[in-house]
Asker: 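Got a structure for you, questions after.
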Amino acid sequence: MIKTYDILETIRMIQNECLDIRTITMGISLLDCIDADIDKACEKVYTKITTKAKNLVKVGEDIEKELGIPIINKRLSVTPIAIISAACGCSPVPFAKAMDKAAKDVGVNLIGGYSALVQKGFSAGDIELIGSIPEALACTERVCSSVNIGSTKTGINLDACKLMGQIIKDTAEITKDKACFGAAKLVVFCNAVEDNPFMAGAFHGVGEPDCMINVGVSGPGVVRAALAKYPDADITQISDIIKKTSFKITRVGQLVGTMASKRLGVPFGIVDLSLAPTPAVGDSVAHILEEIGLEQCGTHGTTATLALLNDAVKKGGVMACSSIGGLSGAFIPVSEDAGMIDAARSGVLTIEKLEAMTAVCSVGLDMIVIPGDTTPDTIAAIIADEAAIGMVNCKTTAVRVVPAIGKDVGEELDWGGLFGCGPVMPLKKASASKFINRGGQIPAPLHSLKN
Amino acid sequence: MRAVVAVIGKDAVGILAKVATKCAEYNANVVEVSQSVLEDIFAMTMLVDISRLNKEFTLLVDDLSAMGRSMGLEIHTMHEDIFKVMHEV
């Protein structure tokens, strides 16, 4: 029989320490929906999504109940729409509406893939799509958008950085009556991955099969609680405790993915080994770093502790699942993490420190509220900096900043729910416009030449 | 297919009997029981066979949980796989 201690430990993790499966994301290829007639194409998109995903929510809820573990989100990702809409030669906003309606009708809260991949240049379809992002995010509820502007293999498309600086600003402006929420659903990537189950950056890559299930795990609270039991452990032991905890969390992700894949008749793709925080008490990545020994997240030592955490999470998770993918690492979205929010409010956590942190953990400058008067060129320069970290370190980096239109440092934006709230963080005032307006391509680094 | 029923709360007369009766209603066969009472706190884990249930497993989960609430207890009914994957390599 399973040991009583183990049973009670699992129940405690779920009940008291916020252990959950963050998302089951179904990736759906829309390549077979391409049509020069946009109405026909949108109809095919709607039909394909609602057919493939019709049982997703029900299956998720059943598994949740049978295993007794919450599965917070059931979500969808689709082929980057710029590829699908290119044949239509017009604004792809109707695709966003079709995605939104399909997501609503199958009962998922977010759908990703209103995306373009422009790391080496734009096609006409890419330009149409990027230009339509503000409108698409303003007129839909559930659609998420992402644009890949660089990679280790190609370098960084500086023209795309500039364009995205403007698009982020425009998206915030057009949704300012909803606390600039549009910008919270828009991610700019370097080295974007094709099987990411997490929003807002999920899309279904063209190398993926027709339909696929990917799972994102979570559990910062569990890691923190495990560390709290060993206040005097040395740092090697800390790493070991994180590994063991991560193993357990990931095994549940693998189980949920396997069950969902079987019941939906769709192949199981990957488990994304991530520590994804929520604004809920006891579900914070920042608090893990504080448990390791920082007075507050953002102070000196933050980068080192985060590097250790990120590495130990992967080492523990790697043996626990059949296939790893997505972003896999600790997430540091400021507005979605109670500890980060506090640290940003107190001024200990700054954007410069966050930038350093992104060099050693999953993704990048995530859910950061910036002053409303930030110029598009400054946002573009933030994107370029972050992309450079990703390009040189062969890792995914991203920027999801929200210009708080009409607000400045000292004020906050509040979206509630999983998106949380964030204080406006100060930026440097000196301009980077000349650099950004040079345009062109930042060449790929030497170590991209591996062949 | 088996499930674990974990009951945690203040000790009282008849907890085991009530949980076992509810399981019987669903045709869930009790395979093993382990229980302890530590300073008034009652903790019981029960392994039940759910392969021949006469209703949906999820209904049993809800039913036991509701019964627990009415008795001031926490009752968690979970498929055994979650414990196996977490605690066995």
Side-chain angles (χ1 to χ4, degrees), chain A residues 1-17 19-21 57-71 215 217 219 222-223 226 243-260 262-263 268 271 316-322, chain B residues 1-9 11 15-16 19 26 28-39 41-51 53 55-69 73-89:
Chain A
M1 165 127 179
I2 306 152
K3 289 185 210 143
T4 304
Y5 176 83
D6 292 342
I7 292 171
L8 296 179
E9 183 190 66
T10 299
I11 292 172
R12 191 190 65 236
M13 283 177 168
I14 296 169
Q15 299 297 320
N16 305 341
E17 296 162 11
L19 172 63
D20 57 50
I21 299 297
V57 172
K58 167 83 172 68
V59 164
E61 284 170 355
D62 284 351
I63 295 172
E64 189 171 358
K65 188 149 270 181
E66 286 168 35
L67 295 180
I69 185 165
I71 299 171
V215 170
V217 299
V222 182
V223 174
K243 280 196 283 189
K244 285 178 185 156
T245 313
S246 167
F247 176 84
K248 291 177 184 173
I249 296 170
T250 311
R251 287 276 277 193
V252 183
Q254 171 78 16
L255 174 65
V256 168
T258 312
M259 288 170 80
K262 201 169 157 194
R263 291 182 192 189
F268 178 27
V271 177
V318 74
M319 194 180 143
C321 63
S322 55
Chain B
M1 230 170 24
R2 299 187 302 185
V4 169
V5 181
V7 185
I8 307 155
D11 195 17
I15 297 176
L16 175 56
V19 175
Y26 282 77
N29 186 33
V30 177
V31 181
E32 221 177 307
V33 180
S34 141
Q35 74 164 70
S36 64
V37 181
L38 196 67
E39 293 179 0
I41 298 296
F42 175 86
M44 175 178 79
T45 53
M46 191 183 254
L47 192 65
V48 296
D49 187 334
I50 52 165
S51 49
L53 288 189
K55 283 179 230 168
E56 288 277 317
F57 174 57
T58 51
L59 294 175
L60 174 64
V61 173
D62 285 341
D63 215 349
L64 278 170
S65 167
M67 191 179 87
R69 272 195 302 276
L73 298 165
E74 267 182 56
I75 303 187
H76 304 281
T77 311
M78 297 149 81
H79 199 287
E80 68 166 343
D81 282 356
I82 188 165
F83 304 104
K84 282 192 163 171
V85 298
M86 281 180 85
H87 303 285
E88 290 174 15
V89 178

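On a predicted model such as this, the values are computed, not experimentally measured, just so you know. In what follows, chains carry the letters A, B, and so on, assigned in the order in which the sequence lines appear, proteins first and then strands, with residues in each chain numbered from 1.
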Asker: Tell me, for A:Leu67 versus chain B, whether the close heavy atoms (under 4.5 Å) come from the side chain, the backbone, both or neither.
Answerer: both

Asker: Between A:Met319 and chain B, with a heavy-atom cut-off of 4.5 Å, which part of the residue counts as in contact: side chain, backbone, both or neither?
Answerer: side chain

Asker: Using a 4.5 Å cut-off on heavy atoms from C-beta on, say whether the side chain of B:Glu80 contacts that of A:Ile2.
Answerer: yes

Asker: Select all residues of residues 81-89 of chain B having any heavy atom within less than 4.5 Å of some heavy atom of chain A, and report them by number, or 'none'.
Answerer: B:Asp81, B:Ile82, B:Phe83, B:Lys84, B:Val85, B:Met86, B:His87, B:Glu88, B:Val89

Asker: Could you check A:Glu66 against B:Thr58 for side chain to side chain contact (heavy atoms under 4.5 Å, CB included), going step by step and ending with a plain yes or no?
Answerer: CA-CA 6 Å; A:Glu66 286 168 35; B:Thr58 51; 4.1 Å; yes

Asker: Taking side chain as everything from C-beta outward and backbone as N, CA, C, O, which of these in B:Thr77 sits under 4.5 Å from a heavy atom of chain A? Side chain, backbone, both or neither.
Answerer: backbone

Asker: Hey, what do you get for CD (B:Gln35) to OG1 (A:Thr4), rounding to the nearest 0.5 Å?
Answerer: 10.5 Å

Asker: Determine whether A:Thr10 and B:Met78 satisfy the following criterion, side chain to side chain contact (heavy atoms under 4.5 Å, CB included), listing intermediate values before the conclusion.
Answerer: CA-CA 10 Å; A:Thr10 299; B:Met78 297 149 81; 4.2 Å; yes

Asker: Less than 4.5 Å apart, any side-chain heavy atom of A:Ile7 and any of B:His76?
Answerer: no

Asker: Could you tell me which of A:Lys3, A:Gln15, A:Met13 has the largest number of non-hydrogen atom pairs under 4.5 Å with chain B?
Answerer: A:Gln15

Asker: Find out whether A:Lys65 and B:Asp62 are in side-chain contact, i.e. whether some heavy atom of one side chain is under 4.5 Å from a heavy atom of the other.
Answerer: yes

Asker: Check each atom of B:Glu56 against the heavy atoms of chain A and say whether the ones under 4.5 Å are side chain, backbone, both or neither.
Answerer: neither

Asker: Please classify the contact between B:Ile50 and chain A as side chain, backbone, both or neither, with a heavy-atom cut-off of under 4.5 Å.
Answerer: neither

Asker: Are more than 12 heavy atoms from other residues, nucleotides or ligands located less than 6.0 Å from atom NZ of B:Lys55?
Answerer: yes

Asker: Checking A:Leu19 against chain B: side chain, backbone, both or neither under 4.5 Å from a heavy atom?
Answerer: side chain

Asker: For A:Gln254, which atoms come within 4.5 Å of any heavy atom of chain B: side chain, backbone, both, or neither?
Answerer: neither

